[in-house]
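What follows is one structure encoded as structure tokens, with my remarks underneath.
Starting from 1, each residue takes its place in the sequence as its number. Computed from a predicted model, the values in this text were never measured in an experiment. Whatever order the structure lists ligands and atoms in, that order sets their numbers, starting from 1.
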Amino acid sequence: MDARKVQVLFCLLLLLVVRNTSQQSSSKKRNSKNSKKDCANSAAMELLKEQINNITLELNLLKEQQALHTVCLRGTKIPGKCLLADGVKRSFHAASDHCAAQGGSLVTPTSADHNQQLLNYVRQSIGPAMHVWLGVNDMVTEGRWVDQSGGGVRFANWETDVTQQPDGGSTQNCAVLDVAANGKWFDESCRQERASVCEFNIV
Ligand SMILES: *[C@@H]1O[C@H](CO)[C@@H](O)[C@H](O)[C@H]1NC(C)=O
Ligand SMILES: [Ca+2]
């Protein structure tokens, strides 16, 4: 419903209210002239309401941007995204929920560059011996590795020089990035408790 319709409805409602109150108070002085004035007032009110709505929306957007700015300052910025590492060890699901609760998702590198930036960031922020969860799993279909939105991953960085990752079959359905292995990926049991990095899209 657009603002004009709302306004007309509001006026009709107002006329009803006016009639009722004048009946109740037995006052016959409220005439249509007053009602028209009331309608003009109500139109002004509607405009004010719309302005308040607009300002509220803008304020919320600013708050979001501010929060994102804080995340970027505490973490690091890569093209299009801010990353925030958390050394607390959690299962894959708990880590994923933890990111979602902050408006982000588990980090999912989409290129060798991103993977390298993530590796550097984790190394200098939470340490050189860390395994961190990636937003990558093959829980639904064994061997089909998907990102947090369920789409197939286009970039992967499995360790294949020493071992042949992913090698855990149906017992290991979640992916980690191993800092000690220079950012190579390994599959692990999703119940393992690992550090994590959340990513936040920069709007
Ligand atoms: C509120 O925002 C909408 C969409 O941006 C705009 O068309 C409208 O004119 C704004 N209203 C007021 C009262 O500022
Ligand atoms: Ca698997």
Side-chain angles (χ1 to χ4, degrees), residues 1-14 36-68 89-100 105-110 114-115 118 130-197 199 201-203:
M1 203 188 290
D2 66 28
R4 200 165 181 87
K5 279 187 201 148
V6 171
Q7 190 182 312
V8 170
L9 271 179
F10 195 83
C11 282
L12 285 173
L13 206 65
L14 195 81
K36 270 183 197 158
K37 200 174 154 196
D38 286 341
C39 275
N41 282 341
S42 85
M45 282 285 285
E46 286 308 309
L47 196 64
L48 269 178
K49 276 190 201 163
E50 192 184 326
Q51 277 170 345
I52 290 172
N53 269 344
N54 281 4
I55 291 169
T56 308
L57 287 176
E58 274 175 41
L59 185 64
N60 286 341
L61 199 64
L62 277 175
K63 278 186 189 164
E64 265 174 42
Q65 284 170 354
Q66 178 63 42
L68 199 58
K89 291 176 179 162
R90 300 179 175 87
S91 71
F92 177 86
H93 287 102
S96 175
D97 289 350
H98 182 72
C99 288
S105 56
L106 280 175
V107 69
T108 306
T110 53
H114 282 188
N115 203 78
L118 173 62
M130 283 289 176
H131 289 193
V132 295
W133 288 126
L134 300 172
V136 173
N137 73 84
D138 75 333
M139 282 179 234
V140 174
T141 307
E142 174 56 32
R144 182 175 139 76
W145 293 87
V146 298
D147 62 21
Q148 294 289 80
S149 66
V153 292
R154 274 163 298 168
F155 170 79
N157 196 38
W158 301 113
E159 200 290 318
T160 53
D161 293 334
V162 186
T163 61
Q164 288 295 316
Q165 302 297 319
D167 64 355
S170 57
T171 64
Q172 301 187 341
N173 295 338
C174 290
V176 292
L177 174 143
D178 184 347
V179 179
N182 219 21
K184 288 293 178 183
W185 297 9
F186 293 76
D187 58 344
E188 288 193 344
S189 160
C190 303
R191 285 190 294 272
Q192 288 278 353
E193 301 204 322
R194 299 297 186 203
S196 55
V197 176
E199 67 177 24
N201 289 327
I202 301 171
V203 277

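With a cut-off of 3.0 Å, the Ca ion (ligand 2) has an N, O or S atom of D138 in range. The distance from the Ca ion (ligand 2) to the nearest N/O/S atom of N137 is not under 3.0 Å.
Residues L118 and L177 meet the side-chain proximity criterion, which asks for heavy atoms closer than 4.5 Å. Looking at H93 and M139, their side chains come closer than 4.5 Å, going by heavy atoms from C-beta outward. Between L134 and P109, the closest side-chain pair of non-hydrogen atoms falls below 4.5 Å. Looking at heavy atoms from C-beta onward, V136 lies in side-chain contact with W185 at the 4.5 angstrom threshold.
Nearest protein heavy-atom neighbour of atom 9 (O) of ligand 1: E50 OE2, 4.1 Å. Looking only at heavy atoms of the protein, atom 4 (C) of ligand 1 is closest to N54 ND2, 4.7 Å.
Protein heavy atoms are found inside the 4.0 Å sphere centred on atom 2 (O) of ligand 1. Within the 4.0 Å cut-off (strictly below), a protein heavy atom is located near atom 14 (O) of ligand 1.
Side-chain contact, S96 with Q148: a donor N or O sits under 3.5 Å from an acceptor N or O.
When the N, O or S atoms of E142 are ranked by distance to the Ca ion (ligand 2), OE1 comes first.
Every N/O-N/O distance between Q51 and ligand 1 stays at or above 3.5 Å.
Across all their heavy atoms, T163 and Q165 have their closest contact at OG1-NE2, 3.0 Å.
Between the O atom of G169 and the O atom of Q172, the angle taken at the Ca ion (ligand 2) works out to 80° after rounding to 10°.
In this structure, F92 and W133 have perpendicular ring planes: the angle between them is above 60°, well past the 30° mark.
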